[in-house]
Asker: 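My structure is below; once you've seen it, I'll send some questions.
Hydrogens, waters and symmetry mates play no part in the numbers below; they use all other heavy atoms, side chains included. Convention: sequence-line order gives letters A, B, ...; per-chain numbering from 1.
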There are 2 protein chains.
Amino acid sequence: MYIKHDMAQTILIATDAVIFTVQDNELKVLLIQMVKLPYQGLWAVPGGLIEQDETTEQAARRILETQTGVTDAHLEQLQTFDSVTRDQLGRVVSVAYVALVPSDSVSLKTTEKYADIRWMPVSNLPSLAYDHDEIVTIAVERLRAKIESSNIVWSLLPKEFALSQLQSVYEKILAKPLDKRNFRRKILDLNLVESTGRRSTGSAHRPAELFAFKQRKTASVKIL
Amino acid sequence: MYIKHDMAQTILIATDAVIFTVQDNELKVLLIQMVKLPYQGLWAVPGGLIEQDETTEQAARRILETQTGVTDAHLEQLQTFDSVTRDQLGRVVSVAYVALVPSDSVSLKTTEKYADIRWMPVSNLPSLAYDHDEIVTIAVERLRAKIESSNIVWSLLPKEFALSQLQSVYEKILAKPLDKRNFRRKILDLNLVESTGRRSTGSAHRPAELFAFKQRKTASVKIL
DNA sequence: TCAAAAGTGTTCGTGCTACACCCATGC
DNA sequence: GCATGGGTGTAGCACGAACACTTTTGA
């Protein structure tokens, strides 16, 4: 039985959302710049306390929508961070989430709460407030593992895409080059995508065949 | 900035520990039987509120030690469960942990807090209090995934063991038979164990060579 | 006609799978 | 001597890795 009314636990529960996208051929995280002390001027991942009658996932989704306008992104629980000293202002336990959004569907919303909001390349991040360095590091690891063992990439790409775009997303996230022929064969053999019949246009080279995911939902599949 | 003093969040933080062992050739979970209403008589995984100045991991370790006397088991964070209605007595968010202990090192401690405490086979569990059915299900999935991709088995076995015992642990957890020759080759090729030179005694058949893990700590290794 | 990305097959080696018999001991 | 689990090798196949040239388009 958990509840004892004579015991005063004064710990707050927050959520932090590590929101990834691939943009300009780079893996990026959404960061906000803080206004108030003691973290004034520092960058952090968006987050906040949860409401009394809301789950942490609902809170993460709310934050995601507030910051990016995206409502149907892939969202999964990452891990709970609860070091006693992680927030200078008091004991706050944070349930962190990872969200993946296609960059073409995002419109960043500036609010008064933050000095700034920006996509920052994972390969070159400033040092972050709270324990957010650690959270982002672990989120990147999770993303790498998941992209190899499931079809979540769908959530980073627009509805139609060329196989080379898909390959590029993998290469950015895994931070290593992949063999074009092997990659194409693998993806096509897995039967996760289908040709739309359309082709890319407007580039000074051969147009690419455009594909779409057969199912836009996450499933467990060994990809690499 | 998380803290707003005009906002009253009244949510408690607990931890629940799903403690596994392999005993009598079966995968088992440690369950306690509850005394108080509204869950009186129901079985549950051991857990409790965390202290103000303690992390959830420390709390989980404390619970593990209180119940089993084990101090150096493998312990890892599983997931946070925070359905608004998961505890009938109020809003409690639980950070669940998975612990693995070798059955030979455990001595269960009965306390007044519980009606009973017992190892129960995962293949045949009663229905549990709170959302503990779900927690245990997810814990078993995690255990299956982890045993294939890391060397955590060491934490379920005594210091010395026969390869057939090791194989049996895998078979119980994965709930499928493995080929003896392939399994032995795989384990020996991976170079994780070494012969102790000793052999098992006292059985009505050929004595087995006894092995030990070279390193009794967890690392990421693809096993199956 | 040139630059730039799209598209396409084959070979080789590694590692997983399947499979059956003899060995050492206690009773 | 028999029942019980311990211990051993090989062949086939699937899969991943490495690798280079032709095609199509816009400028």
Side-chain angles (χ1 to χ4, degrees), chain A residues 22 24-26 144-145 147-151 157-158 160-172 174-212 220-224, chain B residues 22 24-26 144-145 147-151 157-158 160-172 174-212 220-224:
Chain A
V22 173
D24 304 331
N25 248 358
E26 279 188 302
R144 290 203 172 122
I147 209 172
E148 294 193 344
S149 66
S150 78
N151 63 350
L157 287 161
E160 298 197 343
F161 52 88
L163 290 186
S164 57
Q165 276 178 273
L166 180 58
Q167 181 176 345
S168 169
V169 170
Y170 272 90
E171 290 177 334
K172 296 324 155 197
L174 299 177
K176 70 180 181 192
L178 298 173
D179 180 88
K180 184 164 47 154
R181 282 173 289 191
N182 294 339
F183 181 81
R184 296 173 73 93
R185 181 176 32 248
K186 198 67 204 287
I187 295 297
L188 293 173
D189 286 355
L190 284 170
N191 215 27
L192 300 172
V193 297
E194 58 192 356
S195 173
T196 61
R198 282 181 285 280
R199 327 194 119 253
S200 62
T201 54
S203 57
H205 54 75
R206 178 171 175 175
E209 188 174 1
L210 294 177
F211 290 81
S220 177
V221 185
K222 186 176 174 258
I223 307 239
L224 304 178
Chain B
V22 173
D24 305 331
N25 247 358
E26 278 188 304
R144 291 205 170 121
I147 208 171
E148 295 193 343
S149 65
S150 78
N151 63 349
L157 286 161
E160 299 197 341
F161 52 88
L163 290 185
S164 58
Q165 276 178 273
L166 180 59
Q167 181 175 344
S168 169
V169 170
Y170 272 91
E171 290 177 334
K172 296 323 155 197
L174 299 176
K176 70 180 182 193
L178 298 173
D179 181 88
K180 186 168 40 159
R181 282 174 289 192
N182 295 338
F183 181 81
R184 295 173 72 94
R185 180 176 34 248
K186 197 66 204 287
I187 295 297
L188 293 173
D189 287 355
L190 283 170
N191 215 26
L192 300 172
V193 298
E194 59 191 357
S195 173
T196 63
R198 281 181 286 280
R199 329 192 119 254
S200 62
T201 54
S203 57
H205 53 75
R206 176 171 175 177
E209 188 173 0
L210 294 177
F211 290 81
S220 177
V221 185
K222 184 175 176 261
I223 308 238
L224 303 177

Asker: Where is the tightest heavy-atom contact between B:Glu171 and B:Leu178, given as atom of each residue plus distance?
Answerer: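 Where B:Glu171 meets B:Leu178 most closely, the heavy atoms are OE2-N, 2.8 Å.
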Asker: For the rings on A:Phe161 and A:Phe211, is their centre-to-centre separation under 6.0 Å?
Answerer: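 No, too far apart.
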Asker: Does any non-hydrogen side-chain atom of B:Glu209 lie less than 4.5 Å from one of B:Thr196?
Answerer: no
Asker: Measure CG/A:Leu188 against P/C:dG7 and give the value in whole Å, please.
Answerer: 10 Å
Asker: Rounding to an integer number of Å, can you tell me how far B:Asp189 CG sits from C:dT14 C1'?
Answerer: 12 Å
Asker: If a protein heavy atom is under 4.0 Å from the base, mark B; if only from the sugar-phosphate, S; if neither, -; do that for nucleotides 19-27 of chain C going 5' to 3'.
Answerer: BB--BBBS-
Asker: Would you check if the side chain of A:Lys172 reaches a backbone N or O of A:Leu174 as a donor-acceptor pair within less than 3.5 Å?
Answerer: no
Asker: B:Leu210 and B:Ala162: which non-hydrogen atoms are nearest, and at how many Å?
Answerer: CD2-N, 3.8 Å
Asker: Looking only at heavy atoms, which two atoms of A:Lys186 and A:Ile223 are closest? And how far apart?
Answerer: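 Looks like NZ-O, 3.0 Å.
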Asker: Heavy atoms only: give me the nearest B:Asn182-B:Asp179 pair and the separation to one decimal.
Answerer: N-OD2, 2.9 Å
Asker: A side-chain contact here means heavy atoms from C-beta on lying under 4.5 Å apart; do A:Val221 and A:Ser149 qualify?
Answerer: no
Asker: Earliest and latest nucleotide of DNA chain D, 5' to 3', sitting under 4.0 Å from a non-hydrogen atom of chain B?
Answerer: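 Here the contact window of chain B covers D:dA3 to D:dT10.
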Asker: Rounded to whole angstrom units, what separation is found between the NZ atom of B:Lys222 and the P atom of C:dG15?
Answerer: 10 Å
